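Excluded from the calculations below are hydrogen atoms, water molecules and symmetry mates; all remaining heavy atoms, backbone and side chain alike, are included. All figures in this text were calculated on a predicted structure; none of them were measured in a lab. Quick note on labels: first sequence line is chain A, next is B, and so on, each numbered from 1.
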Protein chains: 2
Amino acid sequence: MDVLLGLLTIEPMSGYDLGLTIRESIGHFWNESYGQIYPNLKKLATEGFVTSKIERQKGKPDRHVYSITRKGRERLTQWLLVPPQPEVPRNELLLKLFFSAQVTPDIPTEYLERMVDSERGLLQRFQQVYEAIASNRQYPGTPYWKMAARFGQFELEAHLRWAEETLVELKKIAGKQESDAVTRKEKRHAGK
Amino acid sequence: MDVLLGLLTIEPMSGYDLGLTIRESIGHFWNESYGQIYPNLKKLATEGFVTSKIERQKGKPDRHVYSITRKGRERLTQWLLVPPQPEVPRNELLLKLFFSAQVTPDIPTEYLERMVDSERGLLQRFQQVYEAIASNRQYPGTPYWKMAARFGQFELEAHLRWAEETLVELKKIAGKQESDAVTRKEKRHAGK
DNA sequence: GGGTGCATGTAATGGGTTACATGATTCT
DNA sequence: AGAATCATGTAACCCATTACATGCACCC
């Protein structure tokens, strides 16, 4: 809801544009699906926080371009003055890792490797996003955008360091289980 | 749902106990409210994944103690074999910081200081939790519990380093706005 | 006397995702 | 020929939190 208002302070946009912008510029800390964006824009419009004008296009559906109103800016400010609530964490990877004594260590190992792959890619894309923001000096928002981007960098780097350490631990566990299996086998051969 | 199954592999527990355990041992990466725990336990029971027995108490309501069944363990394993989905991030602090050009820099500064306070406390509690797990050597889950705890440490430390850096940036912005205000004042005094 | 902890549970409400529908254009 | 992109929107559904209800015991 208020994200939409915030993004519309940058420039007037359609719901579709808002979706794209969210995905590719604040996607690492916030998300909103189209099933949410369109109804919310309508609601914001009926309450006078945004206005819309229709741009006709050939071959494509009309674009509904929304602009924030003075009233909308006031609402945004009010929202910014409310201290952010501590979020409810939900990390499925960690949850599954926590219970991984119930399966063999190669299962969580695979999950961590996947995570490393995807987060390494993200980190690279981040560096680029950061440069792009930094060169975009004119806008008053840029210092804050940089801060948010740096947060992503710090967090991703921390995750990667953790994953490195943890993969070593997992390898140790796997090795130990193998040697245990051998020991058991030897015991059996020795006649119990 | 599956968290409950996972925790019941450690020991049989009541819904109330599960709530407490979640809060104080996996609360940093997963949460579940009582409004979810009780109905889910019932559902798990009707589907044969857990059994319950009632412990009568004097002065207090009866405890419904749940135990995981063989079928429940199978379900847990199946769940652990499903690769974790990448989560949808939702960080309200970052979102507000991102739009903070709309307010004065002391607003996000206050939010960051709050965050530093609470996360510093968490980090300390974490170190203790980690020690507690480490001394609890006998249980097969302990290596995995340590890994999950270390994740929290890494992330919190990253947040704190980021907050430190960001608070400096915010101070710079605040300083610049003040000196700008002075300059404007001087200009006015100099006769426009 | 009033708050907190123990212990269970339901109902209302809200938030959000997914799937579906439509339809022209452009790329493979 | 079929997939993807542009562009909007709705409806079904799932999940989760919050608030409410109950009631005894203990502590300040």
Side-chain angles (χ1 to χ4, degrees), chain A residues 1-5 7-8 12-24 26-27 29-47 50-66 79 82 84-92 95, chain B residues 1-5 7-8 12-24 26-27 29-47 50-66 79 82 84-92 95:
Chain A
M1 194 100 226
D2 300 274
V3 209
L4 306 176
L5 245 28
L7 291 174
L8 290 177
M13 275 185 265
S14 69
Y16 190 74
D17 294 339
L18 283 163
L20 293 183
T21 308
I22 288 170
R23 248 206 297 143
E24 64 199 34
I26 60 174
F29 58 84
W30 200 267
N31 241 334
E32 208 98 17
S33 66
Y34 284 114
Q36 193 110 16
I37 293 173
Y38 287 119
N40 279 338
L41 279 173
K42 261 199 177 163
K43 218 174 147 201
L44 287 170
T46 60
E47 293 169 55
V50 299
T51 56
S52 73
K53 63 165 169 264
I54 291 162
E55 281 179 14
R56 245 152 269 265
Q57 302 186 119
K58 25 178 183 190
K60 291 175 195 169
D62 297 350
R63 278 168 56 85
H64 297 230
V65 179
Y66 292 88
W79 172 72
V82 179
Q85 301 292 312
E87 0 262 311
V88 185
R90 272 228 158 87
N91 189 328
E92 200 189 322
L95 187 62
Chain B
M1 192 103 228
D2 300 274
V3 210
L4 305 177
L5 244 27
L7 291 174
L8 290 178
M13 274 185 267
S14 69
Y16 190 74
D17 294 338
L18 283 164
L20 293 183
T21 308
I22 289 171
R23 248 207 295 143
E24 64 199 34
I26 61 174
F29 57 85
W30 201 267
N31 241 334
E32 208 98 17
S33 63
Y34 284 116
Q36 194 110 15
I37 294 172
Y38 287 119
N40 279 339
L41 280 173
K42 260 198 179 165
K43 217 174 149 202
L44 287 170
T46 61
E47 293 169 56
V50 298
T51 56
S52 73
K53 62 166 171 265
I54 292 163
E55 281 180 13
R56 245 152 269 264
Q57 300 185 117
K58 30 189 173 180
K60 292 175 195 171
D62 296 351
R63 277 168 57 84
H64 297 229
V65 179
Y66 292 87
W79 173 73
V82 178
Q85 301 291 313
E87 0 261 310
V88 185
R90 271 224 161 90
N91 189 328
E92 200 188 322
L95 188 62

Option from A:V65, A:L18, A:L4 for which side-chain contact (heavy atoms from CB on, under 4.5 Å) with A:M13 holds: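 Of A:V65, A:L18, A:L4, side-chain contact (heavy atoms from CB on, under 4.5 Å) with A:M13 is met by A:L18 alone.
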Is the shortest side-chain N/O distance from [X] to OP1 or OP2 of [N] below 4.0 Å?
| X | N | result |
| --- | --- | --- |
| B:Q57 | C:dC6 | no |
| A:Y16 | D:dC6 | yes |
| A:S33 | C:dG16 | no |

How many Å lie between [atom1] on [X] and [atom2] on [N], as a whole number?
| X | N | atom1 | atom2 | answer |
| --- | --- | --- | --- | --- |
| B:I37 | C:dT10 | CD1 | C1' | 15 Å |
| B:E32 | D:dT17 | CD | C1' | 11 Å |
| B:N40 | D:dT17 | CG | P | 11 Å |
| B:K60 | D:dC26 | NZ | P | 8 Å |
| B:L18 | C:dA7 | CG | C1' | 13 Å |
| B:N31 | D:dT17 | CG | C1' | 11 Å |
| A:R56 | C:dG23 | CZ | P | 17 Å |
| A:L44 | D:dG9 | CG | C1' | 16 Å |

Stepwise side chain to side chain contact (heavy atoms under 4.5 Å, CB included) test for B:M1 and B:K43: CA-CA 9 Å; B:M1 192 103 228; B:K43 217 174 149 202; 4.2 Å; yes
Which listed nucleotide ([options]) is nearest to the side chain of [X]?
| X | options | result |
| --- | --- | --- |
| A:S14 | D:dT8, D:dG23, C:dT8 | D:dT8 |
| A:Q36 | C:dT10, D:dA16, C:dT17 | C:dT17 |
| B:K42 | C:dT10, D:dT17, D:dT8 | C:dT10 |
| A:V88 | D:dT10, D:dT8, D:dT17 | D:dT17 |
| B:Y38 | D:dG23, C:dT10, C:dG16 | C:dT10 |

From CA spacing to verdict: side chain to side chain contact (heavy atoms under 4.5 Å, CB included), A:F29, B:L95: CA-CA 7 Å; A:F29 58 84; B:L95 188 62; 3.9 Å; yes
Other residues, nucleotides, ligands: >12 heavy atoms within 6.0 Å of B:R23 CZ: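 It does not: B:R23 CZ has 12 such atoms or fewer within range.
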Touch class at under 4.0 angstrom, heavy-atom based, for A:G15 against every strand present: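 It contacts sugar-phosphate atoms only.
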Of A:R63 and A:P39, the one whose closest DNA chain D nucleotide lies more 5':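 Nearer the 5' end of the strand: A:R63.
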Full working for side chain to side chain contact (heavy atoms under 4.5 Å, CB included) between A:Y66 and A:L7: CA-CA 11 Å; A:Y66 292 88; A:L7 291 174; over 6 Å; no
